[in-house]
Each structure stands twice: as structure tokens, then as C-alpha cells.
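Everything on this sheet refers to the single structure shown next.
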Number of protein chains: 2
Amino acid sequence: MDVTQSAMLDHEPTHQGCRVVAPVLARIGDKWSVLVVMLLSRQSCRFNELKRRIDGISQRMLTLTLRGLERDGLVLRTVTPSVPPRVDYALTELGRSLCGPVIALGQWASAHVDEIEAAQAAFDARAEG
Amino acid sequence: MDVTQSAMLDHEPTHQGCRVVAPVLARIGDKWSVLVVMLLSRQSCRFNELKRRIDGISQRMLTLTLRGLERDGLVLRTVTPSVPPRVDYALTELGRSLCGPVIALGQWASAHVDEIEAAQAAFDARAEG
DNA sequence: CTGGATCCTAGTAGATACTG
DNA sequence: CAGTATCTACTAGGATCCAG
């Protein structure tokens with residue numbers, strides 16, 4: 001464990017290092033942001049292209065998600081004033097740098113999804129009885 | 001990039017690898033779960049001990065957060081039937097394994113919080129004009 | 001001490017319809 | 001095509017009271 005990591009652990013959770021995680025998780029932890037980021041990590045995309053690829057997202061939520069990511073500097077929005085209008089979304093450098101940690105979390109999720117579902121089933125079974 | 005990582009990227013986001021991330025992020029991405037997990041990563045804790053340490057959490061939300069984590073097999077709840085009753089919460093092995101990825105994300109957040117805030121300020125400034 | 005039960009509020013998601 | 005506007009329904013979260 002390097003010094004940065006130990007710095008993350010050596011504190012009360014009310015301290016800065018931990019507090020700063022919450023807003024980040026609030027951003028990428030919502031229902032759609034990760035999907036958008038992972039999609040854009042492969043290639044930039046137009047609005048409706050994203051909408052088609054993200055199954056079940058509403059137009060409104062895609063707009064809000066993209067605005068949030070754009071505001072945080074993770075996504076770049078490029079408008080081409082043509083007819084019909086064309087808007088491309090791409091990850092910024094900052095957005096790409098987020099992919100690493102997110103992928104790590106994805107790997108963890110993939111690796112343990114069975115354990116988690118088993119634990120849920122066991123918990124629910126206990127709750128029944 | 002190793003093969004596992006490329007496996008995470010080489011798919012449409014509607015596919016399994018990406019879909020499985022969402023529920024995990026929904027769990028740890030809520031307002032309190034990460035704080036609880038990070039706290040318990042250092043030492044097991046009693047209910048009110050957690051409540052005191054996590055500034056601003058309500059009794060209700062701590063209960064719900066712990067139940068959720070317990071259901072997912074991340075936290076172990078141990079009841080000591082004494083008077084007064086004593087309940088200890090500790091991370092399971094699964095819970096501890098989650099700390100690594102979460103810490104990685106925390107490091108990313110710490111490293112880029114300034115960039116993010118600058119991007120937000122810039123975005124909000126543009127929105128004004 | 002450890003919560004369960006209840007009530008209340010504000011925010012947020014989703015569907016739908018409309019616009020440049 | 002790429003959104004905005006609006007309306008409704010749901011849920012998260014806090015406050016409070018109660019119980020083992």
C-alpha cells in the first residue's frame with residue numbers, strides 16, 4: 001500500500017479524503033452516468049446514438065446526465081450548427097482518467113456479483129422466516 | 001491494459017459486464033454507504049458509535065444503510081443479547097475486498113477535485129452569460 | 001442501547017407533448 | 001436531430017415517538 005492509499009485510511013471518515021469521495025460517487029453512482037462514460041470511452045457519440053444504445057433511458061434523463069457530466073468537466077459537448085443540428089459528446093481527458101477506477105469497480109462487481117446475489121437471497125430467506 | 005480490462009471495454013454497454021456495475025454503484029454510490037464501509041474497514045463498530053462518527057446521518061438512514069450492506073453480504077451484524085443489547089457491525093471478507101476499488105476511486109476524487117470544481121465554476125459562469 | 005413505526009417534505013424520475 | 005416544458009408519481013431522507 002502506497003502512501004496515498006494509507007492516507008485514505010488514516011483518518012476519521014468525516015475528514016477530507018473521505019468526504020471528497022461522496023460527491024464523486026453521487027455523480028457516477030447514479031443510474032446512467034457510468035453507462036454513458038463507458039460508452040463514450042470507446043468513441044464519441046451523438047445524442048440519439050447514445051439514447052439508442054442505452055436501453056431504457058429517457059430523453060430527459062440522458063439530457064440531465066450529459067449536462068451533469070459536462071458540468072463536471074468529464075464530457076465535452078460539441079455543437080455543429082448544421083441542418084439538422086448535430087451534437088457530439090466525447091470524454092475529456094479528465095473523463096478518460098475516470099475510466100480506470102470505474103473499470104476496476106466494474107471488475108470487482110463482475111467478480112463478486114454471484115456472491116452478492118447469494119447473500120441477498122440468503123438474507124431475504126432469513127427475513128421470510 | 002490487461003485482458004480483463006479490455007474485456008470490460010470490448011462490449012456494448014447494454015451487455016453484461018457494464019450492466020453489472022450499475023447495481024454496485026447504486027449500493028455504494030448512495031449518500032452514506034461509502035462512509036460506513038470506510039469506517040468499518042478500520043475497525044468494527046457499534047450502532048451508536050457509527051452514528052456519532054458519521055456526521056449528519058439520521059438514525060433511520062444509518063439503519064437502512066446497514067441493512068442494505070448486510071443484505072448484500074458486505075457487512076456482518078453481530079448481536080450480543082445482553083442488557084443493554086449490543087450490536088456490532090464489521091466488514092465481511094467481501095466487504096473488505098470492495099475497499100480496494102473504492103479507495104482507488106477516492107484517490108481519483110482527491111486528485112481531481114480541483115479540476116472538477118474549476119470545470120463546474122466555468123460551466124456555471126457560461127450558464128450565467 | 002438498538003432500532004422499529006409513522007408522518008411529512010423536497011427532490012427526482014419518467015411519460016408525454018412541444019420547439020428550433 | 002436535439003433538445004425543452006410540464007405534469008404526475010415515486011422515493012429518499014429527516015423528525016419524532018415508541019419498544020425490547
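Letters go in sequence order (proteins before strands), and every chain restarts at 1.
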| task | For residues B/Val34 and B/Ile28, report the shortest heavy-atom separation together with the two atoms involved. | result |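 Distance-wise, the nearest heavy atoms are CG2-O, 2.9 Å.
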
| query | Which heavy atom of B/Leu76 sits nearest a heavy atom of B/Thr92, and at what distance? | reply |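 The pair with the smallest heavy-atom distance is N-CG2, 3.8 Å.
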
Length of the line joining [X]:[atom1] and [N]:[atom2], which is rounded to integer Å:
| X | N | atom1 | atom2 | result |
| --- | --- | --- | --- | --- |
| B/Asp88 | C/dT2 | CG | P | 8 Å |
| A/Ile54 | D/dA2 | CD1 | C1' | 15 Å |
| B/Leu62 | C/dT2 | CG | P | 10 Å |
| A/Lys51 | C/dA15 | NZ | C1' | 11 Å |
| A/Ile57 | C/dA15 | CD1 | P | 11 Å |
| B/Met61 | C/dT9 | CE | P | 19 Å |
| B/Asn48 | C/dG3 | CG | C1' | 9 Å |
| B/Glu70 | C/dT2 | CD | P | 15 Å |

| field | 5′-ward residue of the pair B/Leu64/B/Pro85 relative to DNA chain D | value |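 The residue mapped nearer the 5' terminus is B/Leu64.
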
Verify the contact: side-chain N or O of [X] to OP1 or OP2 of [N], cut-off strictly under 4.0 Å; return yes or no.
| X | N | value |
| --- | --- | --- |
| A/Arg77 | D/dA2 | no |
| B/Lys31 | C/dG11 | no |
| A/Trp32 | C/dT12 | no |
| B/Arg46 | C/dG3 | no |
| B/Tyr89 | C/dG3 | yes |
| A/Arg67 | D/dG3 | yes |

| query | Starting at the 5' end of DNA chain C, which residue's closest nucleotide do you reach first, A/Gln59 or A/Asp30? | reply |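 Checking each residue's closest nucleotide, the 5'-ward one belongs to A/Asp30.
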
| message | Please report the interatomic distance CG(B/Leu74) to OG(B/Ser97), rounded to the nearest 0.5 Å. | response |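 Between atom CG of B/Leu74 and atom OG of B/Ser97 there are 8.0 Å.
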
With respect to the side chain of [X], which nucleotide from [options] is positioned closest?
| X | options | answer |
| --- | --- | --- |
| A/Phe47 | D/dC1, D/dG3, C/dG3 | D/dG3 |
| A/Arg52 | D/dG3, D/dC1, C/dA13 | D/dC1 |
| A/Ser58 | D/dG3, D/dG14, C/dA15 | C/dA15 |

| request: Could you tell me whether the side chain of A/Arg60 has a donor or acceptor atom within less than 3.5 Å of a complementary atom in the base of C/dA13? | output: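 A donor-acceptor contact between them is present.
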
| Side-chain ion pair, B/Arg52 and B/Glu49, N-O less than 4.0 Å |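 Salt bridge: no.
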
| N-O pairing of A/Arg77 and A/Asp88 below 4.0 Å |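 No, this pair does not count.
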
